[in-house]
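Below is one structure, written out as structure tokens, with a few remarks after it.
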2 protein chains.
Amino acid sequence: MLSRLAGMAVRDSVDVESRARARTRRAILDAAITVLSQHSAASLADVADAAGVGRTTLHRYFPERAELLTALSADVLARIDAAAVRSQLDHGPAPAALERLCQELFELGDILMCVFSQPELVDTQTWEECSEADKALTRLVERGHAEGTLDSTLDPIWVQQVLWSLLYAAWQHTREHSVSKHRALDLCLRSLRKVVAASPGRLAERPVQDP
Amino acid sequence: MLSRLAGMAVRDSVDVESRARARTRRAILDAAITVLSQHSAASLADVADAAGVGRTTLHRYFPERAELLTALSADVLARIDAAAVRSQLDHGPAPAALERLCQELFELGDILMCVFSQPELVDTQTWEECSEADKALTRLVERGHAEGTLDSTLDPIWVQQVLWSLLYAAWQHTREHSVSKHRALDLCLRSLRKVVAASPGRLAERPVQDP
DNA sequence: CCCTAGTGGAGCACAGATGTTCCATTAGGG
DNA sequence: CCCTAATGGAACATCTGTGCTCCACTAGGG
């Protein structure tokens, strides 16, 4: 029943119609990711052009800009969750698992930059409640604390912040300066590793100086 | 001569006029920082409201949106440079100097977030060529490399990227989760310290895995 | 106290983005 | 091969943000 409603027209078979439409839909979403990751205020005409479709067609799929953004958000979240699944966060040593996640997320490229350039795209509330990736990452960090392989003074939320901001730094590094993706990822992983490593002994060596 | 031109009207004394105008100008710039740091696409009416002035007045100071952004950019750059000067990057051990810079920049608050939400505000070309802060930071990192107090596998540009992205992470941390500024700065400094610390011995322990 | 710089509001024109409709054309499945 | 879903383009109304003008009002300095 739902599938008939989703298809905008009454058809016998369900997937046959989807062929062309699914392809167009993907092209639009991919274009939206590319365009909006670089200029979050880009017009729908820009997105349509990048997707190689007419503005009218774009409107058939997403009657309002908000609907495109909603779909984009869902797509981004799904890809991030998929990356988390591929990383198998519950297996092996915590630091290694975290690095696998970092690599998988790095591969998402423009999708990452979308999240940064449009924070409203990923509502923090929804994210923390619905995202499996968030929960898995929290579990991972807590496991690392228990194992003694991750710095126990860094709570899961901060580790997540650092992971994302280092990924942003890495991609920005490739965009602005002519640095290879490989080099950027290397720096990113190396830095992440050092941040989360359990500090051997001398903790809080230099406390914050209040001015 | 220039001061008469800057005053938009022919006056005998120069600073008398500036009193009111300078106050209004600052109010507008401060409001622009606050508003645009949270929503980079905010309208000029929003900025005027936040500044407590009419839209007409805002137009008298900045006839076009671009001019407001230019002034905003100059203001932001000046504040960043001032923060760098206060940090005395050329004095003392390199890691400590870097932490002083981090603290000074952290205090800039919304100004930082402006730079992130509107990367076009700070053109990388202009920044690297004109900013004294950039040069001082580069010198600092190179000094740290020579001293052996900073990880020599991290080039100055990457250190700068990490510094900024950690600052972003810290502020985001206070905004989204109810974390005190003090705690956020503490996490930020601790993380920065670990990233830039010269690795004792075992470098490149775990190279990037190409998939 | 008076005068002028500074301000605020209303109003107007313009530009760009958006949402919508209609029609001609094309591609792909039955 | 034929038919229909799918598409693209043109045209239109609307809306928002912007840039600009004019006029009335107010506060602060001489």
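Throughout, protein chains are lettered first and strands after them, A, B, ... in sequence-line order, and every chain is numbered starting at 1.
In this structure B/Ser165 satisfies the side chain to side chain donor-acceptor pair (under 3.5 Å) test with no other residue, sequence neighbours excluded.
The interatomic distance linking B/Ile28 (CD1) with C/dG6 (C1') rounds to 12 Å, in whole Å. In this structure, A/Leu69 places its CG atom 14 Å from C1' of C/dA17, rounding to the nearest Å. Regarding A/Arg19, its CZ atom lies at a distance of 19 Å from the C1' atom of C/dT26, rounded to whole Å. The distance between atom CZ of A/Arg21 and atom C1' of D/dA5, rounded to the nearest whole Å, is 9 Å.
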Letter by letter from the 5' end, nucleotides 16-23 of chain D scores (B base, S sugar-phosphate only, - none; protein heavy atoms under 4.0 Å) -SBBBB--

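Of the side-chain N and O atoms in A/Thr24, none sit less than 4.0 angstrom from OP1 or OP2 of D/dA6. One finds a side-chain N or O of B/Tyr61 lying less than 4.0 angstrom from the OP1 or OP2 phosphate oxygen of C/dT7.
For residues 87-132 of chain B, every residue pair satisfying the ring-ring contact (aromatic ring centres under 6.0 Å, His included) rule, not counting sequence neighbours, is listed here: B/Phe106-B/Trp171, B/Phe116-B/Tyr168.
A donor atom on one side chain and an acceptor atom on the other are found under 3.5 Å apart for B/His177 and A/Glu128. Counting only N and O atoms by type, the side chains of B/Asp123 and B/Thr126 include a donor and acceptor under 3.5 Å apart. Residues B/Ser87 and B/Glu104 bring no donor and acceptor atom of their side chains to less than 3.5 Å of each other.
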Apply the test salt bridge (Lys or Arg N to Asp or Glu O under 4.0 Å) to residues B/Lys194 and B/Asp151: give CA-CA distance (whole Å), side-chain angles for both, the deciding distance (0.1 Å), then the verdict.
CA-CA 10 Å; B/Lys194 290 172 76 173; B/Asp151 188 335; over 6 Å; no

